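Here is the structure we will look at.
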Amino acid sequence: MNKILHPAVNTFIINIIDEEKLRNRIDFVFVEAALLIENGYKNIVDELWYIYADEDTRRDRLKDTRSYSDEKIDGIFAQQLDDETYRLNADFVIDNSRDLEAASEQINKKLGEWRE
């Protein structure tokens, strides 16, 4: 199913990006998706941003927001790429280990660099 679904989703996203570039109405198109690296998004987007949070923060958030058990969280983490792989593929890293305001500041700073 992934061999059918993921290429179709990639095509859909590429079409949206291309349409928005032609319209020239907005400065950015943000794509949030699972498996960005595994599905070749590095070849689709202009920049790949990695939203990082340390493991303890991620674990606490999954427990608080989804009531996941440690075993479920361990299983999720085991299926994900390691931090080093994300960083090697990322053009920019946002540290989301603290609050939303801190992450927003990093994003706004990066977007400000683009506008300069």
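Positions are given from 1 along the sequence. As the structure is a computational prediction, the values presented were derived from the model and not from experiment.
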Flag, side chain of Lys110 to backbone of Phe92, donor-acceptor distance under 3.5 Å: no
Straight-line distance of Glu105 CD to Asp99 CG, nearest 0.5 Å: 8.0 Å
Residue pair Asp91 / Lys42, side-chain heavy-atom distance below 4.5 Å: yes
Cluster check Ile13, Ile37: I/L/V/M/F/W/Y, side chain < 4.5 angstrom: yes
Interatomic distance, Asn39 atom CG to Asn10 atom CG [nearest 0.5 angstrom]: 5.5 Å
Distance, nearest 0.5 Å, that separates CD of Glu19 from CD1 of Ile14: 12.0 Å
Working for side-chain hydrogen bond (donor to acceptor under 3.5 Å, both in side chains), residues Asp60 and Thr57: CA-CA 5 Å; Asp60 290 344; Thr57 299; 5.8 Å; no
Arg98 to Arg61 - nearest heavy-atom pair and separation: O-NH2, 2.8 Å
Gln106 side chain near Asn96 side chain, heavy-atom distance below 4.5 Å: no
Under-4.0 Å salt bridge between Arg59 and Asp74: yes
Test item: Tyr50 and Asp83 side chains (from C-beta on) under 4.5 Å apart, heavy atoms: yes
Atom CZ of Phe28 with >12 non-hydrogen neighbours under 6.0 angstrom: yes
More than 12 heavy atoms from other groups under 6.0 Å of CD1 on Ile26: yes
Worked check of salt bridge (Lys or Arg N to Asp or Glu O under 4.0 Å) between Arg58 and Glu55: CA-CA 5 Å; Arg58 291 168 42 219; Glu55 185 173 321; 5.3 Å; no
Atom CZ of Arg66 with >12 non-hydrogen neighbours under 6.0 angstrom: no
ILVMFWY cluster, Val31 and Ile44 together (side-chain gap under 4.5 Å): yes
Hydrophobic cluster identity match, Trp114 and Ile107, side-chain contacts under 4.5 Å: yes
Nearest-0.5 Å distance, OG of residue Ser97 to CD1 of residue Ile51: 11.0 Å
Separation of Ile73 CD1 from Lys63 NZ (nearest 0.5 Å): 5.5 Å
Interatomic distance, Gln80 atom CD to Thr85 atom OG1 [nearest 0.5 angstrom]: 12.0 Å
Whether Trp49 and Phe30 hold their rings parallel, tilted or perpendicular, with breakpoints at 30° and 60°: perpendicular
Hydrophobic cluster identity match, Leu111 and Val93, side-chain contacts under 4.5 Å: no
Linked, directly or transitively: Leu81 and Leu35 (ILVMFWY side chains, under 4.5 Å): no
